Engineer: 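Handing you this structure, nothing more for now.
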Amino acid sequence: MRIIDTCLFYIFFCSATLIYGIGTLQAAETSLSRKRIALTAFKSLCCVLTSVSITKALSQLLLVPLSLAELYPLAALLLFTGTSVFFEIIFQLTSKKSSSEFTISFLTVLLALNEGESLLDSIAISVCCLASYCLLIPLLRSFTSKLARTKRMDSFKQKTTVFLCMVVITMALFALNISWINAGV
């Protein structure tokens, strides 16, 4: 049940893209460009899962006993860079397409390592953060396609519209948060 709560929280209520800003610009640009994200998302998922697993194990088995837990971002950067290059080579050899993406995946790794209490929590958080990014793109595409049908817009107005759609989605998600009613409790 705890994993389901974590997944719902990090996919919808605390979306890494909408709340933390991880990949906001990339989501806006991808929703306007109509390019496919499946290969990039799969490569990012492989890199993130591998990096989170190895970094979490390394930090629990090596860094924490040596009182060097503050160095886990450096370890995460080094491990993520290595796994990203490895998977990029594999994906270029198999699909003949480049799917390089660094910022979203690395920031997802850091978020998962910061927020996760255990390895399973960290893996669930990382998968949910990538899922929230991948689910936001078709939603933004549908908003922009509906608005594009009504009138012709230039590039600036399209980007502004995408960001305003993200703001509306964020506000809609927080409309259910009524904790502000109980002030002083």
Side-chain angles (χ1 to χ4, degrees), residues 3-56 59 70-85 87-88 91 98-144 158-174 176-177:
I3 296 297
I4 294 172
D5 291 340
T6 301
C7 289
L8 288 174
F9 183 73
Y10 282 100
I11 289 176
F12 298 111
F13 305 118
C14 189
S15 170
T17 307
L18 296 174
I19 305 303
Y20 293 107
I22 297 174
T24 305
L25 182 61
Q26 290 91 341
E29 289 175 355
T30 305
S31 69
L32 292 174
S33 70
R34 305 283 187 219
K35 66 178 183 178
R36 305 257 185 233
I37 61 164
L39 184 66
T40 305
F42 185 67
K43 186 230 174 209
S44 295
L45 182 67
C46 293
C47 291
V48 165
L49 290 178
T50 305
S51 299
V52 165
S53 301
I54 294 172
T55 306
K56 192 71 168 181
S59 65
E70 301 86 22
L71 294 178
Y72 82 90
L74 177 63
L77 176 65
L78 295 174
L79 288 169
F80 178 76
T81 304
T83 56
S84 180
V85 168
F87 282 113
E88 180 66 26
F91 277 85
S98 177
S99 62
S100 62
E101 194 288 312
F102 186 82
T103 56
I104 298 169
S105 301
F106 179 65
L107 292 174
T108 299
V109 168
L110 287 181
L111 179 67
L113 291 172
N114 277 333
E115 300 283 326
E117 294 176 9
S118 65
L119 179 62
L120 187 61
D121 279 343
S122 296
I123 289 173
I125 290 169
S126 64
V127 169
C128 293
C129 287
L130 287 176
S132 71
Y133 172 76
C134 292
L135 290 174
L136 182 65
I137 292 171
L139 190 63
L140 291 175
R141 279 185 185 163
S142 67
F143 276 124
T144 55
Q158 283 182 329
K159 289 182 182 179
T160 305
T161 304
V162 169
F163 280 112
L164 287 176
C165 289
M166 281 194 241
V167 168
V168 168
I169 292 169
T170 304
M171 291 174 71
L173 289 174
F174 282 120
L176 299 175
N177 183 3

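These figures come from a predicted structure and were not determined experimentally. As a basis for the values below, the full set of heavy atoms in this structure was taken, side chains included, without hydrogen atoms, waters or symmetry mates.
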Engineer: Within this structure, what is the CE-CG distance for the pair Met166 and Leu139, rounded to the nearest 0.5 Å?
Structural biologist: 10.0 Å

Engineer: Closest approach of Val52 and Leu113, non-hydrogen atoms and distance?
Structural biologist: O-CD2, 4.0 Å

Engineer: For residues 41-53, which residue pairs pass the side chain to side chain donor-acceptor pair (under 3.5 Å) check, not counting sequence neighbours?
Structural biologist: Lys43-Ser84, Ser44-Ser105, Ser51-Thr83

Engineer: Got a sec, which pairs hit ring-ring contact (aromatic ring centres under 6.0 Å, His included) with one end in residues 119-141, sequence neighbours left out?
Structural biologist: none

Engineer: Cut-off 3.5 Å, no hydrogens considered: what does the side-chain donor-acceptor table look like for residues 125-132, sequence neighbours left out?
Structural biologist:
from: Ser126; atom 1: OG; to: Ser122; atom 2: O; distance (Å): 3.3
from: Ser126; atom 1: OG; to: Ile123; atom 2: O; distance (Å): 2.8
from: Ser132; atom 1: OG; to: Cys129; atom 2: O; distance (Å): 2.7

Engineer: Show me the donor-acceptor pairs within less than 3.5 Å that the side chains of residues 74-82 make with the rest of the protein, sequence neighbours left out.
Structural biologist:
from: Thr81; atom 1: OG1; to: Leu77; atom 2: O; distance (Å): 2.7

Engineer: Name each donor-acceptor pair under 3.5 Å that joins a side chain in residues 20-27 to protein atoms two or more places apart or in another chain, with its distance.
Structural biologist:
from: Thr24; atom 1: OG1; to: Thr17; atom 2: O; distance (Å): 3.0
from: Thr24; atom 1: OG1; to: Gly21; atom 2: O; distance (Å): 3.2
from: Gln26; atom 1: NE2; to: Thr103; atom 2: OG1; distance (Å): 3.0

Engineer: Starting at CG of Leu111, measure out to CZ of Phe106 and round the result to the nearest 0.5 Å.
Structural biologist: 12.0 Å

Engineer: Would Leu136 and Ile169 satisfy side-chain contact (heavy atoms from CB on, under 4.5 Å), going step by step from the backbone distance to the final call?
Structural biologist: CA-CA 9 Å; Leu136 182 65; Ile169 292 169; 4.1 Å; yes

Engineer: Locate the shortest heavy-atom distance separating Gly116 from Asp121; write the atom from each residue and the value.
Structural biologist: CA-CB, 3.9 Å

Engineer: Tabulate below the donor-acceptor pairs under 3.5 Å that side-chain atoms of residues 4-11 make, not counting sequence neighbours, or state none.
Structural biologist:
from: Thr6; atom 1: OG1; to: Arg2; atom 2: O; distance (Å): 2.9
from: Tyr10; atom 1: OH; to: Glu115; atom 2: OE1; distance (Å): 2.9

Engineer: Roughly how far apart are Ile104 CD1 and Cys47 SG, rounded to 0.5 Å?
Structural biologist: 12.5 Å

Engineer: For Phe163 and Ala28, work out which heavy atoms get closest and say how close.
Structural biologist: CZ-CB, 4.0 Å

